Amino acid sequence: MYSESEVIEFVKEEDVKFIKLAFCDVFGKQKNVSITDNELERAFKTGVAIDASAIKGFGDEAKSDLFLHPDPSTLSILPWRPEHGRVVRMFCDITYPDGTPFECDSRLILKKAVKAAEKKGLTFSFGSELEFYLFKLDENGNKTEELYDNAGYMDVAPEDKGENIRREICLTLEQMGIYPESSHHEEGAGQNEIDFKYSDALSAADNAITFRQVVSAVAYRNGLYADFSPKPVDNAPGNGFHINFSAKSKSGIDVMQNSIAGVLSRIEDCTVFMNNSENSYKRFGVNKAPKFIAWSKENRSELIRIPAAEGDYKRAELRSPDPLANPYLAFALIIYSAIEGINGNEKLSAPADFNMYKADEETLKNYKTLPETLIKAKQKAAASEFIKTHLPKAIISAYTK
């Protein structure tokens, strides 16, 4: 948690020559501009201009200037870059030239959601579980269709060839101040998962963005391509972005049931922001990816499951998002859904304590489903008063047009 003056001192003392000013487009794809150490003080004082018209969802040529303002508390060395003439990264706030916050800055949207929760005496924590496939690269550094291994769920080396890759990823993350809880081979051949220790909403979202960058960098360094798309291989498990969340009230009242009820009742409206590609909808309903809007304890066939855990690890797990989702928007919508569930004292439905994949049609008729296609998800979001209340028109348009 550095201050501006501490970052400037750090850059001088640690032989830092380049500073990457990082941010995301509205779809959660990381962008950055690099400045030299000599420009750092100016960046803190006035910000660094970018052309917003070239970035998805940020506007057009008529009003294209935006400014990046580095957040010193997010300073991190990029360990895979050279030791001499080091490279560091900071996430940025985005403003118009007059200093007004840019409404399509998804990191700002999450900050507002956190403040809205704080006003209600609520605090939220998040933990991420992101899955990815590893493919081999050809001699030109391009992705092939050849998977890195043929191992299965939690297999060990030598079948699991990803063991050393995951180790290198975890060690790199620790060097950046991000602490994974566990890692293992997933069910699909070449598929892997690394889980994070829970943290506050903003740190957890920053970490999820950083994770995708680190995985891609480490994989490429080892002659591999890391694929985070929701369905990289037909007839194989898709990639999930399982979001663990917990809500606590300063009053001491247990608000988790109301929070889960709030998320379940609004998940259809939110789905396009957590699953924004055609392939996202091929994943639903197979290989432990949810389809029906229901919850249960420990049950991996449900949309929300309550893992077997106690104390600080007690949480709910939302299983529908995929790793291409913008974590800032996903976490913000979960927070707003939970707040409305708490405000309305919404009651949790009875748990679906059975396997959704093996249930008969008569049983399944009692449950609503997630949108079946990207078009239907867009229609739900575009018509939602909840979404209109909490997201700017430009972001809604970017996701629904």
Side-chain angles (χ1 to χ4, degrees), residues 1-4 6-7 20-32 44 47 68-77 88-95 101-130 173-174 176-181 194-214 241-250 259 263 270 273-274 312 315-318 321 323-339 390-392 395:
M1 299 295 288
Y2 292 95
S3 65
E4 290 183 8
E6 287 171 333
V7 169
K20 289 185 177 290
L21 305 183
F23 63 100
C24 288
D25 66 17
V26 296
F27 297 103
K29 183 174 183 180
Q30 186 174 338
K31 305 285 186 177
N32 70 248
F44 280 134
L68 302 179
H69 300 269
D71 179 349
S73 69
T74 63
L75 177 72
S76 182
I77 289 174
V88 298
R89 179 228 66 206
M90 285 181 282
F91 286 108
C92 296
D93 298 320
I94 309 173
T95 70
F102 178 51
E103 66 275 9
C104 290
D105 178 1
S106 53
R107 197 166 184 266
L108 172 67
I109 290 170
L110 179 55
K111 286 182 178 181
K112 288 181 176 179
V114 171
K115 286 183 179 178
E118 288 172 348
K119 287 180 180 178
K120 298 285 185 180
L122 301 168
T123 57
F124 286 83
S125 297
F126 288 85
S128 302
E129 301 175 10
L130 291 102
L173 289 168
E174 286 189 349
M176 300 178 74
I178 301 171
Y179 298 97
E181 275 191 340
I194 297 176
D195 304 339
F196 293 96
K197 185 174 175 61
Y198 69 90
S199 61
D200 67 276
L202 190 62
S203 296
D206 286 345
N207 291 348
I209 293 293
T210 302
F211 175 80
R212 292 194 304 220
Q213 182 190 19
V214 169
F241 172 22
H242 302 155
I243 300 174
N244 293 274
F245 68 94
S246 64
K248 292 182 180 179
S249 170
K250 288 183 180 178
S259 298
V263 173
C270 299
F273 302 98
M274 302 179 186
D312 288 340
R315 64 198 188 277
E317 179 188 63
L318 179 64
L324 294 186
N326 183 333
Y328 300 109
L329 294 183
F331 293 177
L333 290 172
I334 289 172
I335 289 172
Y336 283 128
S337 296
I339 289 174
H390 297 295
L391 294 182
I395 284 189

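Please read all numbers here as calculations on a predicted model, not as lab measurements. Along the sequence shown, residues are numbered consecutively beginning with 1.
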In the structure I gave you, are the side-chain heavy atoms of [X] and [Y] within less than 4.5 Å of one another anywhere?
X      : Y      : value
Ile109 : Ile395 : yes
Asp71  : Met90  : no
Tyr179 : Glu174 : yes
Ile94  : Leu108 : no
Leu324 : Phe241 : no
Ile77  : Val88  : yes
Phe44  : Pro72  : yes
Phe124 : Val114 : no

Provide the closest heavy-atom pair for [X] versus [Y] in the form atom of the first, atom of the second, distance.
X      : Y      : value
Asn326 : Asp25  : ND2-O, 3.6 Å
Asp105 : Cys92  : OD2-O, 4.3 Å
Ile243 : Ala330 : CD1-CB, 4.0 Å
Arg212 : Ala325 : NH1-O, 3.1 Å

Kindly list each side-chain donor-acceptor pair under 3.5 angstrom involving residues 200-210, sequence neighbours excluded, with atom names and distances?
{"from": "Asp200", "atom 1": "OD1", "to": "Ser203", "atom 2": "OG", "distance (Å)": "2.8"}
{"from": "Asp200", "atom 1": "OD2", "to": "Leu202", "atom 2": "N", "distance (Å)": "3.3"}
{"from": "Asp200", "atom 1": "OD2", "to": "Ser203", "atom 2": "N", "distance (Å)": "3.1"}
{"from": "Asp200", "atom 1": "OD2", "to": "Ser203", "atom 2": "OG", "distance (Å)": "3.3"}
{"from": "Asp206", "atom 1": "OD1", "to": "Arg107", "atom 2": "NE", "distance (Å)": "3.0"}
{"from": "Asp206", "atom 1": "OD1", "to": "Tyr328", "atom 2": "OH", "distance (Å)": "2.5"}
{"from": "Asp206", "atom 1": "OD2", "to": "Arg107", "atom 2": "NH2", "distance (Å)": "2.9"}
{"from": "Asn207", "atom 1": "ND2", "to": "Ser203", "atom 2": "O", "distance (Å)": "3.3"}
{"from": "Thr210", "atom 1": "OG1", "to": "Arg89", "atom 2": "NH1", "distance (Å)": "2.8"}
{"from": "Thr210", "atom 1": "OG1", "to": "Asp206", "atom 2": "O", "distance (Å)": "2.9"}

Check whether more than 12 heavy atoms from other residues, nucleotides or ligands sit under 6.0 Å from atom NZ of Lys112, and answer yes or no.
no

Set of ring pair (Phe, Tyr, Trp, His ring centres under 6.0 Å) partners for Phe23, sequence neighbours left out
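With neighbours one apart ignored, the set is empty.
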
Any donor and acceptor pair, going by atom type alone, linking the side chain of Ser125 with main-chain N or O of Tyr198 inside 3.5 Å?
no

Say you draw a straight line from [atom1] of [X] to [atom2] of [Y]; how long is it, rounded to the nearest 0.5 Å?
X      : Y      : atom1 : atom2 : answer
Leu21  : Asp93  : CG    : CG    : 11.5 Å
Lys31  : Cys24  : NZ    : SG    : 9.5 Å
Phe91  : Asn32  : CZ    : CG    : 10.0 Å
Met176 : Leu75  : CE    : CG    : 10.0 Å
Leu110 : Ile335 : CG    : CD1   : 5.5 Å
Cys270 : His390 : SG    : NE2   : 9.0 Å

Can you say whether the rings of Phe331 and Phe126 are parallel (under 30°), tilted (30 to 60°) or perpendicular (over 60°)?
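The rings of Phe331 and Phe126 lie parallel, inter-plane angle below 30°.
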
Could you walk me through whether Leu130 and Phe196 pass side chain to side chain contact (heavy atoms under 4.5 Å, CB included), step by step?
CA-CA 9 Å; Leu130 291 102; Phe196 293 96; 3.7 Å; yes

